[in-house]
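If you scroll down you'll find the structure; I have some questions about it.
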Amino acid sequence: MPLYVADYLADTGHLTTAEHGAYLLLIMHYWKNGGLPDDDGKLARIARCSVRDWLAMRQTLSEFFGEGWTHGRIEHELATSLAAYERRARAGAKGGSRGGSGGGSKGSNAEAMLEQCSSETGALQKLSQPQSQDTPSRKKEPPRARDTGTVQDKALGEASRSFAARDSFDHPLRLVHGGGAR
């Protein structure tokens with residue numbers, strides 16, 4: 001429940017401490033449950049005070065509510081919250097589908113990831129096959145950063161060259177982590 005402190009203080013400056021507490025408890029109950037009962041005993045329990053204390057503050061607090069203990073500001077906030085929830089639910093129903101068509105899994109990101117994993121697994125299996133000892137191994141350098149002249153690009157180029165010089169073999173997992181061509 002949003003609480004607009006400036007508005008609250010402007011509207012409730014005349015309330016006693018007990019009335020502030022009762023009013024806040026009433027509006028919190030309203031927010032959580034979508035309304036208030038029109039029964040003094042139940043309202044006293046919600047406000048956490050005795051029926052006698054409730055009846056003493058009832059008139060003052062009723063000025064903040066309409067007929068049947070309705071509250072215009074909270075009704076507005078509940079409607080806004082419901083609209084936002086429905087908007088997010090519609091967006092969520094579209095999920096990871098491409099083009100926002102929603103509903104189906106055809107062309108979904110999950111399907112594309114599954115296909116990519118399958119192809120990478122096949123590539124990894126080929127790379128992990130034992131090679132004969134008389135086949136010379138070729139060292140493949142990782143792609144170099146494009147030279148745009150930025151400090152970051154130069155540092156990346158130097159780091160990748162030092163990485164390539166340090167390793168004396170091609171590790172199959174580099175395909176997964178972006179070190180090789182796909």
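Given the structure is predicted, the values throughout are model-derived calculations rather than measurements.
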Transitively linked via ILVMFWY side-chain contacts under 4.5 Å: M28 with M57?
yes
Please tabulate, for side-chain N and O atoms in residues 13-22, each donor-acceptor pair with protein atoms closer than 3.5 Å (sequence neighbours left out).
| from | atom 1 | to | atom 2 | distance (Å) |
| --- | --- | --- | --- | --- |
| T16 | OG1 | E19 | N | 3.1 |
| T16 | OG1 | E19 | OE1 | 3.4 |
| E19 | OE1 | T16 | N | 2.8 |
| H20 | ND1 | Y8 | OH | 2.8 |
| H20 | NE2 | T12 | O | 3.3 |

So salt bridge (Lys or Arg N to Asp or Glu O under 4.0 Å) across residues 65-74, not counting sequence neighbours, yields D7-R73, R73-E77
For D53, the side chain to side chain donor-acceptor pair (under 3.5 Å) test, sequence neighbours excluded, returns S50
Sorted by chain and residue number, the side-chain contact (heavy atoms from CB on, under 4.5 Å) partners of T80 (sequence neighbours excluded) come out as H76
For residues L25 and L3: do they belong to one hydrophobic cluster (side chain heavy atoms under 4.5 Å, members Ile, Leu, Val, Met, Phe, Trp, Tyr)?
no
In short, salt bridge (Lys or Arg N to Asp or Glu O under 4.0 Å) pairs touching residues 81-91 with sequence neighbours left out are none
Taken in chain and number order and not counting sequence neighbours, the residues that satisfy side chain to side chain donor-acceptor pair (under 3.5 Å) with R58 are D40
- prompt: Yes or no on side chain to side chain contact (heavy atoms under 4.5 Å, CB included) for L43 and D39, after CA distance, side-chain angles and deciding distance?
  reply: CA-CA 6 Å; L43 291 169; D39 175 88; 5.8 Å; no
Backbone N or O of Q59 within a donor-acceptor pair of the S62 side chain at under 3.5 Å?
yes
- Hey, are the side chains of L9 and V5 touching, using non-hydrogen atoms and a 4.5 Å cut-off? yes
CZ of F65 to CD1 of I74, rounded to nearest 0.5 Å, is 6.0 Å
- Look at the side-chain heavy atoms of Ile, Leu, Val, Met, Phe, Trp and Tyr, link any pair under 4.5 Å apart, and say whether M1 and Y4 land in one connected group. no
**OP:** Kindly indicate whether the side chain of L61, heavy atoms from C-beta on, has any atom under 4.5 Å from the side chain of W54.
**Re:** yes
Sequence neighbours excluded and cut-off under 3.5 Å, please list the side-chain donor-acceptor pairs for residues 30-38, or say none.
| from | atom 1 | to | atom 2 | distance (Å) |
| --- | --- | --- | --- | --- |
| Y30 | OH | H71 | N | 3.1 |
| Y30 | OH | E75 | OE2 | 2.5 |
| N33 | ND2 | H29 | O | 3.0 |
| N33 | ND2 | H29 | ND1 | 3.1 |
| N33 | ND2 | H29 | NE2 | 3.3 |
| D38 | OD1 | W69 | NE1 | 3.4 |

